[in-house]
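In what follows, a structure is listed as structure tokens, so that the remarks can point back to it.
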Protein chains: 2
Amino acid sequence: MKDGARKVSDSTSQAARVPAHEQVYQKLREQILFGEIAPGEAVTIQGLTERLDAGMTPVREAIRRLTSEGALQFQGNRRVIVPHLTDANISEIIFARQWLESHLALRATERATPADHQQLTFMDDAVDHAIQQGDLRNYLEMNYRFHAKIYDLAGAPILSEIADSLWLRFGPSLRVMIGRVGTQNQPDKHKAVLECMRTGDAEGSARAIREDMLQGMEQIRRILEISGDDR
Amino acid sequence: MKDGARKVSDSTSQAARVPAHEQVYQKLREQILFGEIAPGEAVTIQGLTERLDAGMTPVREAIRRLTSEGALQFQGNRRVIVPHLTDANISEIIFARQWLESHLALRATERATPADHQQLTFMDDAVDHAIQQGDLRNYLEMNYRFHAKIYDLAGAPILSEIADSLWLRFGPSLRVMIGRVGTQNQPDKHKAVLECMRTGDAEGSARAIREDMLQGMEQIRRILEISGDDR
DNA sequence: TGACCCAGAATATGATCAAATTTTTCCGTG
DNA sequence: CACGGAAAAATTTGATCATATTCTGGGTCA
């Protein structure tokens, strides 16, 4: 009954170890994180089963997970959307990230090895490259990976998860903001962070990361304030 | 084929508006939060379908949600357990709760009305009552509700969610701790918090809540340190 | 001790039922 | 005669379950 043109177990040869619901989760997560789904846009189960070529159950589970993390939002009735950020939301996120990013950067600086410094430098170069190319999607991804690497280095899994989940909340709006302002106008403090990490200046890293974060978040706030039109 | 001895829609008469996966989530969440499932204990899908008298799909979704929130943990293979807390975990939770609880208490103090003060007083009385009775389960629940009410008053949904998810992480261990120490030896700072809230001393509330939290968390750390045996 | 087999548990699909939104139809009014 | 709006039909989408399939772990036998 399941004869021919299905995709039984050939998907990625040896990637069969990863359960479907996990794969679906990862894919959907990235699509939200990097703004492929706009704030306010609806996410339907059946739409995703086609879009991601998956069954209904795995999609369902992925949606639940992302809803828990604040990346998606129940819409009273049983619709699910990518939430809009309110001004109050942004304030909360800024408040939380001030603590989180500073602390994680501080710990990361203390624990990072030269090899880690090099990896971070590569990532930052990739960010710069994406900026030059005006490659929006790649900019978002590389910028995220830079920060995510720092989270990872901090060796604080719980705090890292919280930071990650915050990123999921503002990711879609970040994309809107950059889409309007352009990648060119994105000054970041990554160079300063790298310098501090190399010299072991943990406090300095924390301060630089905090400023980097604030720049971005305030820019999001400004853009979303002006244009409440993206619905 | 759906006629006879099934449980089609008779479960709770008019509670049909709440989806099953939501109900299952709430129930399982409480069971974890109030320590009915011990750290290290396995949680099986089929076990829950019986335990909560639910279908397999809703149970699955509830487990995914709780896993996202850190209340459950994938065990490499496809087992799911209530995670053990490590010493490092506790440090992270303390760090996070220090700023979260303080900030939420501060905001709550600024926004609370006399009616809210009264509700909090009732809740604290319930805590005291549970302590006198030595009613472990009720103590845990009322203590949680006291804090949750403060989160609610703060009017900061994102931060509240984070605080809630942290509670899910240490809930099971809190139960272990109190189960060993007894409800009697649980001094709390709730009275001080209430007094500060009534007089509008926001900083004072923040400090008192922070101390209350620290007391509890350090006690958990101490107990778990001594006895690595609960597995 | 190591390989094999079996039981049980988890993953994943498709079918089926229910709810909600959208579209269509129809009637009354200006 | 056209327009607006309410009611009803139709379509779309979500919720749940029964079932088939796959994988893990443990026990047994050589």
Side-chain angles (χ1 to χ4, degrees), chain A residues 1-28 37 40-68 72-82 231, chain B residues 1-28 37 40-68 72-82 231:
Chain A
M1 77 286 247
K2 91 281 261 17
D3 57 310
R6 207 29 91 188
K7 49 114 234 199
V8 184
S9 63
D10 52 298
S11 45
T12 333
S13 38
Q14 38 98 303
R17 317 307 309 276
V18 183
H21 65 84
E22 184 65 30
Q23 287 180 294
V24 170
Y25 167 77
Q26 294 293 348
K27 281 189 201 169
L28 182 53
I37 310 178
E41 196 172 330
V43 169
T44 72
I45 292 177
Q46 306 196 341
L48 288 182
T49 57
E50 300 172 6
R51 183 171 181 162
L52 302 178
D53 186 39
M56 181 173 282
T57 312
V59 166
R60 217 149 215 295
E61 297 180 60
I63 288 179
R64 296 288 173 257
R65 269 173 87 172
L66 289 166
T67 303
S68 273
L72 296 174
Q73 188 176 50
F74 265 143
Q75 196 69 351
N77 34 359
R78 36 198 192 173
R79 291 280 156 86
V80 173
I81 66 169
V82 174
R231 42 179 6 248
Chain B
M1 86 284 239
K2 88 289 258 0
D3 53 321
R6 205 34 89 190
K7 47 115 232 190
V8 183
S9 63
D10 52 298
S11 45
T12 333
S13 39
Q14 39 98 301
R17 316 309 309 274
V18 183
H21 63 83
E22 184 66 30
Q23 287 180 294
V24 171
Y25 168 77
Q26 295 292 348
K27 280 190 202 170
L28 183 52
I37 310 178
E41 197 172 330
V43 169
T44 73
I45 291 178
Q46 305 202 334
L48 288 182
T49 57
E50 300 171 6
R51 181 170 183 163
L52 302 178
D53 186 38
M56 183 173 282
T57 311
V59 167
R60 221 149 208 295
E61 298 180 53
I63 289 180
R64 296 287 175 257
R65 267 173 89 173
L66 267 335
T67 302
S68 275
L72 295 174
Q73 188 176 49
F74 264 144
Q75 197 70 350
N77 36 1
R78 31 198 193 178
R79 295 274 157 85
V80 173
I81 65 169
V82 174
R231 40 181 6 249

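Just so it is clear: chains get the letters A, B, ... in the order the sequence lines come, proteins before strands, and each one is counted from 1.
- For the pair B/Arg64 and C/dT11, the criterion of a side-chain N or O lying under 4.0 Å from OP1 or OP2 is met.
- Between B/Leu72 and B/Ile81, the closest side-chain pair of non-hydrogen atoms is not below 4.5 Å.
- Distances from the side chain of B/Gln46 to the nucleotides C/dT11, D/dT16, C/dA10 place C/dA10 closest.
- To the nearest angstrom, P of D/dG25 lies 13 Å from CD1 of B/Ile81.
- In this structure, the nucleotide among D/dC17, C/dA12, C/dA10 sitting nearest to the side chain of A/Pro58 is C/dA12.
- The separation between A/Asp53 atom CG and C/dG14 atom C1' is 15 Å, rounded to whole Å.
- Here NZ of B/Lys27 is found 7.0 Å from CG of B/Asp53. Values are rounded to the nearest 0.5 Å.
- Listed nucleotides: C/dA9, D/dT13, C/dT11. Nearest to the side chain of A/Thr44: D/dT13.
- Ranked by how close their nearest DNA chain C nucleotide is to the 5' end, A/Met56 and B/Phe74 are led by B/Phe74.
- When rounded to the nearest whole Å, the span between CD of B/Gln23 and C1' of D/dA15 equals 12 Å.
- Put simply, B/Arg60 has a side-chain N or O that comes within less than 4.0 Å of OP1 or OP2 on C/dT11.
- Here D/dT22 is the nucleotide among D/dT22, C/dA12, D/dA15 with the atom lying nearest to any side-chain atom of B/Arg78.
- Residues forming a side chain to side chain contact (heavy atoms under 4.5 Å, CB included) with B/Glu22 (at least two apart in sequence, or on another chain): A/Phe74, B/Val18, B/Pro19, B/Tyr25, B/Gln26, B/Arg65.
- Between the CZ atom of A/Arg51 and the P atom of D/dT13 there is a distance of 14 Å, rounded to whole Å.
- Going from atom CZ of B/Arg79 over to atom C1' of D/dG26 covers 10 Å, rounded to whole Å.
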Give every donor-acceptor pair under 3.5 Å between a side-chain atom in residues 41-50 of chain A and any protein atom, sequence neighbours left out.
from, atom 1, to, atom 2, distance (Å)
A/Glu41, OE1, A/Ala38, N, 3.0
A/Thr44, OG1, A/Gly47, N, 2.8
A/Thr49, OG1, A/Gln46, O, 2.6

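- A straight line from CD of A/Glu61 to P of D/dA15 spans 13 Å, rounded to a whole angstrom.
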